[in-house]
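All figures in this text were calculated on a predicted structure; none of them were measured in a lab. Order of the sequence lines fixes the chain letters, A, B, ..., with proteins taken first and strands second; residue numbering starts at 1 for each chain.
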There are 2 protein chains.
Amino acid sequence: MPSYTAPTRDMQFVLDEVLDIRNSDVPGYSELEPDFTSAILEEAGKLARDVLAPLNQVGDQEGCHMENGVVRTPKGFREAFEAIKEGGWNGLDLPEEFGGQNLPYIIGTAVGEIFVSANMAFNMYQGLTHGAISTILAHGTEDQKKTFVPKMISLDWTGTMNLTEPHCGTDLGLLRTKAEPQPDGSYKITGQKIFISSGEHDMAENIVHLVLAKAPGGGPGTKGISLFIVPKFLVNPDGSLGERNAVSVGKIEEKMGIHGNSTCVMNYDGATGYLLGELHKGMRAMFTMMNEARIGVGLQGYAVAEAAYQNAVAYAKDRLQGRAVTGASNPEGPADPLIVHPDVRRALMDQKSFVEGARAFTFWGATLIDRAHRNNDATAMGLISLMTPVIKGFLTDKGFESTVLAQQIYGGHGYIEEWGMSQFVRDARITMIYEGANGIQALDLVGRKLAQDGGKHVMAFFEMVKSFIKENEGEERLRADFLDPLKAASKDLQSAAMFFMQNGMKNPNEALAGSYDFMHLFGHVCLGLMWAQSARAALKALDAGAEDKRFYEAKLATGRYYMARQLPMTATHLARIQSGAAPVMALEPDAF
Amino acid sequence: MPSYTAPTRDMQFVLDEVLDIRNSDVPGYSELEPDFTSAILEEAGKLARDVLAPLNQVGDQEGCHMENGVVRTPKGFREAFEAIKEGGWNGLDLPEEFGGQNLPYIIGTAVGEIFVSANMAFNMYQGLTHGAISTILAHGTEDQKKTFVPKMISLDWTGTMNLTEPHCGTDLGLLRTKAEPQPDGSYKITGQKIFISSGEHDMAENIVHLVLAKAPGGGPGTKGISLFIVPKFLVNPDGSLGERNAVSVGKIEEKMGIHGNSTCVMNYDGATGYLLGELHKGMRAMFTMMNEARIGVGLQGYAVAEAAYQNAVAYAKDRLQGRAVTGASNPEGPADPLIVHPDVRRALMDQKSFVEGARAFTFWGATLIDRAHRNNDATAMGLISLMTPVIKGFLTDKGFESTVLAQQIYGGHGYIEEWGMSQFVRDARITMIYEGANGIQALDLVGRKLAQDGGKHVMAFFEMVKSFIKENEGEERLRADFLDPLKAASKDLQSAAMFFMQNGMKNPNEALAGSYDFMHLFGHVCLGLMWAQSARAALKALDAGAEDKRFYEAKLATGRYYMARQLPMTATHLARIQSGAAPVMALEPDAF
């Protein structure tokens, strides 16, 4: 069975040294002393290692089952959920007023990584609840907040998001679920929703569904859409549970992975719903949840890769097979461990350099969110809005690839379910699809975010890279290994953006045909920047005579690997982008 | 449920126009008139579409089960196997003397692609039998050939290959299965083998296991290994089945995919075995099977991708979602089909250009095998020996990626098992692992094949590329789109080989750290060459006023896509290779 240990040392390095959060002006950050954050991370790590990780394979193999309309989660999930509740983990970064602890979002992010690595399918019950809470907090009435949020923070109730219908996913303008206004101000919701994660289960007293539906008078397409709160059990004025609402599970989907999470078809048959936010402005409200969820999915991408990587390392050290070509490393044994072989090293370094870079990138994104919310910083808001599709799309594509590399190290044993490596691959696969398939992320990035506010957010990013390079030019130890490659990669990104500007106006397909490559190009530059920053922090620690020298030296070596072996991809992405729309669009549909 | 139609038009194009097999001097090729080959391919296509493809998802969902030591294949498999037997499909390219039809290997390859696309797991029962037959034909005594081969060609008996043991896969020198010589010249085989595809099932009267084991006196490591024939039922002198041999199934493995094939743990408890080939030369004999199997696995890689691609195209044309940014293509409908979107096109073109290029590459490889066997052509033998790891490693990595792209087009529906796209991904995944994990292919290529016979095979390949470019330089329509990119890619490959020569002598890790990238670089150059040759053939047909102009124009457009969008990867692979061993090997094992 795979095991998992929270990478708290690396998390602390990112928090304290790369991002230096203590010395930031974000309200609440000055309290994030290493002793304090490390106590939280260690505690989360313990729960992850001892309770959540051991249930990961159980959840995969047993799955969720429907018995007389009730969904049963896998053995042990209820108890684990109780442990999460008791620890108050769900409210970590939510308002004290409703029972949360009001810590910054970045702490929730770090803890989230730990829980996802240990058991992604399980963590979704909590994760979606968190997103639903944020949406109610952002758009709900005072009454709605008081009624729903405390119970959801405590996880007595959980939340879901209901967008997709059988005939529409991305194109929500097509949705058919109807909301009919009732004399008492509520609505009757009727329609079918599919792919509803955590749609029904046996771990909470109530489930609060946030449902997109069309109320009369809203006009065609997405303009007519509103968002509704549809609880499984209606809530009495005193907060106690009332009658069962007319919402039921059609079936549980058979999926490729995340079997521990109940993905449901939900049928709404005139269910009572309450408008959340403004009428016919449902898309805007839903995007509160969506943007949070997208960053959360990017996090899932690398968090599952971290878990897979840890197990691949263990196997590569343990499994004896072949001899090092440069001389036996284990001459007493029948063979050397896999890790002596250069190609196994390559696969491990690919994973390690991705996961650590992705962690720094995501944590940095979390600081932007904190800055946007706590400092009302429009620049940070613009930057995270630009970065959201990159975090989601790039980290999930690469995260999936990384799990495939981890599985590969096991050879035939990786293909056998017994070892658990297949599960990481199958679980990670969904992250490229849900909360907007990655092609949609690329479209969002190139079609919307790039030119947003006159393109100033991407200019801010370029400026950031430029000034980092300038500030550190004097550092010989950074120049050739980090700054030069970063400069080249950033130049590729600028050339790509320029190509879009010059050609996309005349023909938008010229930009859209390169959108996916642009998302990846952007992701590489972001990770390159993170590695350059990490290298600077490592050098600083070494210069200051840090005790665990080996950690910092490994950090530098891993960064050098990323810059030398991964960053060159930007040139290929640029070449593809610059080949334009013609090769992509040449064929008529019936020539396929 | 996914469907499948054999791409016979494209196969004929490769056979008749790209490879021009009729005009080759390989014995038997002159008879391969288009009418003749097309009759075979159409017939195979019918069987694939009507019988095999409908059982693909059944096999995945039902899997194989053990009942009282007997393995039951999924519903319908027995009947389908009867149809394969009745059609004589297994003997297509095997000697007439033993009941085969003696057609060239290339015909077996084309038919193999069709069957694998339709149902990979099912086709393995037959495919492994074919490999076992080749091994017996190459190394067996006359008596062994007469006893086993006719029954195996008719598929009354099937075959397996038994290499892996729990503690050793790649490193066969570690194997523990023992062969004790008996007074009658037979051996008693004792040991456990794992991951044995088609190890036990209910579709044949007998199963002929080819088993690697150590007989006394052979010395340590792989030198001590011999190959044995161990039939499930012993065979009486008159050819009838005798007593049950002491070989049994330990269990059926739970795998990520190819559930329709029974992957077994096999226990040999003093089972009677017969030496196949020379004593202590078992590795050499096994490599007959292995090399054939490796090309077969490369074929699986792109064949599954072809099936996934066909379904992705159908879905992209059918599913209405969003509007073309350049103006509605389906203004009467609620939305446009997915195929209007540039990023969906990109994903489809990636798949199409890969699969068609891979087909040409594999078919070309098959002509090398025919030439090697039928003309005793040492150059062809050297070239296919060099190409085998590229066909296996590159086509399976890219084939897997291609199935992931196909699945992605389905959005959430791709993740649900109901639609069958997940199965293509899960099935394709094994091709990167078995018959030598792809890292081993890269090692074989760089560590062995590249320098084989003084490097003359790779020189022959470079010469081939060079003379193709030279011959066609006058063709304006090829130059910019095909010849220039091919020249650049081939130059990258030469630079990489040069880097290995200059640095690998001093430190073999300098070569091995780049081996995986080299395998991919090589694969891209091969597909680039295939596309350039295909383009030339398409232009020739168009110039001759071919009727189905649209086929040839699509061929040219697809080739241009590959050259513009895929071939630039060679530069990145070269950059990685030239960064050398240092970034890869910098960390001590305990720093991971």
Residue set satisfying salt bridge (Lys or Arg N to Asp or Glu O under 4.0 Å) with B:Asp590, at least two apart, ordered chain then number -> A:Arg550

Hits for ring-ring contact (aromatic ring centres under 6.0 Å, His included) against A:His259, two or more places apart or cross-chain, chain-then-number order -> none

By residue number, those in residues 338-348 of chain A with heavy atoms under 4.5 Å from heavy atoms of chain B are A:Ile339, A:Val340, A:Pro342, A:Asp343, A:Arg345, A:Arg346, A:Leu348

Chain B shares the most heavy-atom pairs under 4.5 Å, among A:Ala324, A:Ala586, A:Ala591, with A:Ala591

Honestly, the part of A:Ile433 sitting under 4.5 Å from a heavy atom of chain B is both

Greatest number of non-hydrogen atom pairs under 4.5 angstrom with chain A, of B:Glu253, B:Glu254, B:Met349, B:Gln408, falls to B:Gln408

With chain A, the option among B:Arg560, B:Glu418, B:Met432, B:Glu401 that has the most non-hydrogen atom pairs under 4.5 Å is B:Met432

Under 4.5 Å to a heavy atom of chain B? For A:Arg319 that would be side chain

Minimal heavy-atom distance between A:Ala513 and B:Arg565, with the atoms involved, is O-NH1, 3.1 Å

Residues 436-448 of chain A vs chain B, non-hydrogen distance cutoff under 4.5 Å, contacting residues -> A:Ala437, A:Asn438, A:Gly439

One option among A:Asn509, A:Leu567, A:Asp171 has the most heavy-atom pairs under 4.5 Å with chain B, and it is A:Asp171

Under 4.5 Å to a heavy atom of chain A? For B:Leu320 that would be backbone

Whatever's closer than 4.5 Å to a heavy atom in chain A on B:Tyr410 counts as neither

Tightest non-hydrogen contact, residues B:Ile258 and A:Tyr415, listed as N-OH, 3.6 Å

**Prompt:** Would a distance-only check, ignoring hydrogens and angles, find a side-chain to backbone donor-acceptor pair under 3.5 Å from A:Glu553 to B:Leu587?
**Reply:** no

Check your understanding: Between B:Gln321 (side chain) and A:His167 (backbone), is there a donor-acceptor pair under 3.5 Å?
Key -> yes

Most heavy-atom pairs under 4.5 Å with chain B, out of A:Leu512, A:Thr558, A:Asp350, A:Ile409, belong to A:Leu512

Cut-off 4.5 Å, heavy atoms of chain B, and the answer for A:Ala571 is neither

Assert top hit (heavy-atom pairs under 4.5 Å, partner chain B, pool A:Glu417, A:Gln310, A:Arg429) equals A:Arg429

The interface call for B:Phe400 against chain A, heavy-atom contacts under 4.5 Å, is side chain

Turns out that what part of A:Pro166 lies under 4.5 Å from chain B's heavy atoms comes down to backbone

Looking only at B:Ala575, B:Ala564, B:Gly514, B:Gly412, the option with the highest number of non-hydrogen pairs under 4.5 Å against chain A is B:Gly412

Minimal heavy-atom distance between B:Val425 and A:Met256, with the atoms involved, is CG1-CE, 3.7 Å

Under 4.5 Å to a heavy atom of chain B? For A:Thr170 that would be both

The interface call for B:Tyr434 against chain A, heavy-atom contacts under 4.5 Å, is neither

Most contact-rich option vs chain B, by heavy-atom pairs under 4.5 angstrom, among A:Val325, A:Leu172, A:Thr164, is A:Val325

Counting heavy-atom pairs under 4.5 angstrom with chain A, the leader among B:Pro508, B:Ala554, B:Pro589 is B:Pro589

Looking only at B:Ile577, B:Val404, B:Asn507, most heavy-atom pairs under 4.5 Å shared with chain A are made by B:Val404

In short, B:Phe592 meets A:Lys317 closest at the heavy-atom pair O-NZ, 3.7 Å

Given A:Met421, A:Arg323, A:Arg426, the one with more heavy-atom pairs under 4.5 angstrom with chain B than any other is A:Arg426

Applying a strict 4.5 Å limit to non-hydrogen atoms, the region of B:Lys255 in contact with chain A is both

Under 4.5 Å to a heavy atom of chain B? For A:Gln407 that would be both

Greatest number of non-hydrogen atom pairs under 4.5 angstrom with chain A, of B:Ser515, B:Ala557, B:Gly257, falls to B:Gly257

Shortest non-hydrogen pair, B:Arg576 vs A:Met569, comes out as NH2-CG, 3.6 Å

Bottom line for A:Phe551: the part with an atom under 4.5 Å from chain B's heavy atoms is neither

Bottom line for A:Val313: the part with an atom under 4.5 Å from chain B's heavy atoms is side chain

Bottom line for B:Leu174: the part with an atom under 4.5 Å from chain A's heavy atoms is side chain

So, the part of A:His413 with a heavy atom under 4.5 Å from chain B: the answer is both

